[in-house]
Engineer: 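Could you have a look at this structure, given as structure tokens, before my questions?
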Amino acid sequence: MQSAPGEEILGRNLRVVPKLKQTIALVGNPNSGKTTIYNNLTGAHQHIGNYPGVTVEKKYGFCRYEGEQYTVVDLPGTYSLFSNSADEEITNRYLSTETPDFVINIVDASNLERNLYLTFQMLELGIPLIVILNMNDVAIKSGIRIDTEKLSSILGTPVVQTVGHKKIGMDSVLEAISKYRNHSKPEKIKIHFENEVEGAIKRYSYISSICQQVVTKEEIKKKTLSDILDSILTHRIYGIPIFLGLMWLVFHLSFTLSETPMAWLDSGISWFGNRVAELMPNGLLQSLIVDGIIGGVGGILSFVPIIMLLFLSIAILEDSGYMSRAAFISDRFMSKIGLHGKSFIPLLLGFGCGVPAVLATRTLSSRRDRLATILIIPLMSCGARLPVYTLLIASFFPEARAGHILFSIYILGVLVAILMAKLFQKFLFSGDSSHFILELPSYKVPTLQGTLIQMWEKVRLYLKRAATVLLAASLIIWGLCNFPKTSNIPAGLNDEQIAGIQLENSFAGRIGHLLVKPLEPIGLGDWKVGVALFSGFTAKEVVVSTFGVLYSLGSKSTEESTPLRASLRHDSFYTPLRVLTLLVFVLLYLPCIALLVVIGKETGSIVWPLFAAGYLTAIAWVGSFIVYQGGLLLGFA
Amino acid sequence: MKNNRLDRLQPGDKGTIEKVYGEAVIKRRLLEMGLLPGAHIEIIKRAPLGDPIEVRIKGYNLSLRGCEASNIFVDVIS
């Protein structure tokens, strides 16, 4: 805390002692606009931390009002304190173990009855509440008017009206918060019931009578914009083509719009690498920094624009309310292959990065659906594999064909995923599916702030993984390739050949040689390929940087940096068939260690990451075998 | 007034829920979401592939699979 000029002279003991921060939890139904209110309250001051002892991330921020500071915690949306999925469980556990000072209950005013169910449950537990009637604009348009004073006196809690996405009413919220500091604990509402079923019925009958006293509804016969949109978007005939079209659009835009930023980043990083190389004396340290670090991490960062755009498009679709329609439309198909309509979003996220994708499976209520989805997420070719594909395709195939080959790789991943999901359904999982019971909220215009924050939450995970794992991996790979140095070199060889021998005898080279035998039948029996694939265990992008290190160390040219593509092309080992096989292998084999760790944490067991690593590498080998041997049989070299 | 299973009704049908069956977990969930005896319900549409169905209940739109809807019996008002 900074002291004012006067205070410095007078001394610290005259400074006001700050009161203890109060913790406020935001609780409400999904789609009630809770996150928008959270963003409004905390603005840029948001953090993500960890609940003690649990892997779940805690989303919290700070809010300042009239000199007081509050910690605001955003909890996953839930319909009831009787949790139905891992997501809802988080909210319930938080309320019972961390006991926030009070709760802000965000209620969708256009949907009062169902929203009050959760409110009621909290009042039964005596949790101190402030009720926010959000989405007031939608309510008014539907002809709904709520007597907030009456509601407040019936519930015994303050009630504030807001329109979150227009930031209307936020001042009243802050005022209510600061007034609430000295509020006494509300009286518990007591209702008697034998079991939860009876409880549900009784609660709703109370809520019905409350609503009758408090709500006046005009009959509005006009169809809402949401209904009109739905008549097109979930149309019996047009619904599916529109859905597929939107998905295509998401990918198309992400790939094309990111081309320019990616090119900038690419050249910027090369320029940087070259400048640094100029400034440093030749030798091990220069190699470490330029090849190891800048080459490794830098080359990968230039792919971030694609991932950002992909996550941004998904965030826009989610915020608008379309994603629940996507689940609605795809559920029948998903069920047939042993998944769930709600599996759709996590699988889509998997094309960006598997880590947020696995976290997104928390909305699935049955463990079986969740596991099945998690196990096939790695087959949704993640953004990290893209640099590898791009390198291989650009090095060996004409530009005209490049797009088709890339597209085929992605489609192959999806097809294999469908096959594996079906196999899992048949042989692995036999339990019940989750319920599908899913709200279809009214469509709304996504807020810029909301979607950017959502995008950032996922990109952050990708970058965090990159910054930590990639950096470490790049250094390790560099080390493995540079040590140990052999002294046993025959005379009369030039620099390039000497470097080549050094490389083969390093740790990396030895690992590569060990892998030659198993890779031989699938046409990849070259020690360099072995090393590169092995390095992909740390992070898929590292395969590219490993190739970079392997080729630039093995040929000490006088140029500052030989283009990697040219180096690969000149390596006589590669034929188009071998490159295709390599592409298939990279698509299918085990996910990076970061994803495996997240899978382990989310499933609570080491079995599943091991199983995932195992089955994926197995089908990678089998798939590559089919491609390579099949190609040979068909007469391709 | 016909008494019908929810999954057998057609888009446009309206009525009040008469009875909700099902094992505890699913029944509780259906009730919590507002699908209670006495509640007014309207069938909006079926998904393009035939399942799930979309209904209007307690002022909002809810989708559920036919197998879940088969737990609910509705007094249909023509």
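The chains referred to below are lettered A, B, ... by the order of the sequence lines, with proteins before strands, and numbering in each begins at 1. Basis for what follows: all heavy atoms, side chains included, without hydrogens, waters or symmetry-related copies.
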Engineer: Decide side chain to side chain contact (heavy atoms under 4.5 Å, CB included) for Arg29(B) and Tyr79(A); before the verdict, give the C-alpha distance in whole Å, the side-chain angles of both, and the deciding distance to 0.1 Å.
Structural biologist: CA-CA 9 Å; Arg29(B) 191 56 175 180; Tyr79(A) 293 105; 3.2 Å; yes
Engineer: Determine whether more than 12 heavy atoms belonging to other residues, nucleotides or ligands lie under 6.0 Å from atom NZ of Lys141(A).
Structural biologist: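 No, NZ of Lys141(A) has 12 or fewer neighbouring heavy atoms, counting only those of other groups under 6.0 Å.
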Engineer: Heavy-atom pairs under 4.5 Å with chain B - which of Leu118(A), Asp108(A), Ile201(A), Ile237(A) has more of them than the others?
Structural biologist: Ile201(A)
Engineer: Among Ala24(B), Gly34(B), Ala69(B), which has the most heavy-atom pairs under 4.5 Å with chain A?
Structural biologist: Gly34(B)
Engineer: Taking atom CZ of Phe193(A) as the centre, report whether more than 12 heavy atoms of other residues, nucleotides or ligands fall under 6.0 Å from it.
Structural biologist: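 Atom CZ in Phe193(A) is crowded, with more than 12 foreign heavy atoms closer than 6.0 Å.
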Engineer: Rounded to the nearest 0.5 Å, what separates atom OH in Tyr60(B) from atom CG in Asn29(A)?
Structural biologist: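 So the gap between those two atoms works out to 8.5 Å.
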Engineer: Taking every heavy-atom pair that is under 4.5 Å apart, which of Leu49(B), Ile53(B), Leu64(B) has the most such pairs with chain A?
Structural biologist: Leu49(B)
Engineer: Could you look at Ser226(A) and say if it's the side chain, the backbone, both or neither that has a heavy atom under 4.5 Å from chain B?
Structural biologist: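 The answer is neither part of Ser226(A).
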Engineer: Could you state the interatomic distance from CG (Leu31(B)) to NZ (Lys202(A)), rounded to the nearest 0.5 Å?
Structural biologist: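 Output value for this atom pair is 14.0 Å.
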Engineer: Does the pair Glu439(A)/Arg56(B) count as a salt bridge with the N-to-O cut at 4.0 Å?
Structural biologist: no
Engineer: Identify, with sequence neighbours excluded, every residue that meets side-chain contact (heavy atoms from CB on, under 4.5 Å) alongside Gln161(A).
Structural biologist: Leu133(A), Asn136(A), Thr148(A)
Engineer: Could you tell me which portion of Phe243(A) (side chain, backbone, both or neither) has an atom closer than 4.5 angstrom to a non-hydrogen atom of chain B?
Structural biologist: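 Looking at Phe243(A), nothing touches chain B.
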Engineer: Which bit of Tyr238(A) comes within less than 4.5 Å of chain B, counting heavy atoms only: side chain, backbone, both or neither?
Structural biologist: neither
Engineer: Carefully, step by step, assess Ser335(A) and Arg65(B) under the rule side chain to side chain contact (heavy atoms under 4.5 Å, CB included).
Structural biologist: CA-CA 10 Å; Ser335(A) 304; Arg65(B) 289 178 179 155; 3.3 Å; yes
Engineer: Between atom CD of Glu68(B) and atom CD1 of Ile437(A), what is the distance when rounded to the nearest 0.5 Å?
Structural biologist: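 Rounded to the nearest 0.5 Å, the CD-CD1 separation comes to 5.0 Å.
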Engineer: Which pair of non-hydrogen atoms, one from Glu32(B) and one from Ser80(A), has the smallest distance, and what is that distance?
Structural biologist: OE2-OG, 2.6 Å
Engineer: Does anything in residues 204-218 of chain A reach chain B? List residues with heavy atoms under 4.5 Å apart, or say none.
Structural biologist: Tyr204(A), Ser208(A)
Engineer: For chain B, find which of Glu113(A), Arg114(A), Arg203(A), Arg325(A) contributes the most heavy-atom pairs closer than 4.5 angstrom.
Structural biologist: Arg114(A)
Engineer: Can a salt bridge be assigned to the pair Glu196(A) and Arg28(B) using a cut-off of 4.0 Å between side-chain N and carboxylate O?
Structural biologist: no
Engineer: Quick one: what part of Tyr117(A) sits under 4.5 Å from any heavy atom of chain B, side chain, backbone, both or neither?
Structural biologist: side chain
Engineer: Within this structure, what is the CZ-CZ distance for the pair Arg46(B) and Arg236(A), rounded to the nearest 0.5 Å?
Structural biologist: 11.0 Å
Engineer: Got a sec: does the CZ of Arg5(B) have more than 12 other heavy atoms crowding it under 6.0 Å?
Structural biologist: yes
Engineer: Tell me, out of Ser63(B), Gly59(B), Gly38(B), Pro48(B), who's got the most heavy-atom pairs with chain A below 4.5 Å.
Structural biologist: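 Highest number of pairs under 4.5 Å: Ser63(B).
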Engineer: Does the Lys45(B) side chain pair with the main chain of Asp230(A), one donor and one acceptor, at a distance under 3.5 Å?
Structural biologist: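 Pair found, side chain donor or acceptor close to backbone of Asp230(A).
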Engineer: What distance do Leu438(A) atom CG and Asn61(B) atom CG have between them, rounded to the nearest 0.5 Å?
Structural biologist: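 Here the rounded value is 11.0 Å.
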Engineer: Pair Leu62(B), Leu440(A) - check side chain to side chain contact (heavy atoms under 4.5 Å, CB included), show working.
Structural biologist: CA-CA 6 Å; Leu62(B) 181 70; Leu440(A) 297 174; over 6 Å; no
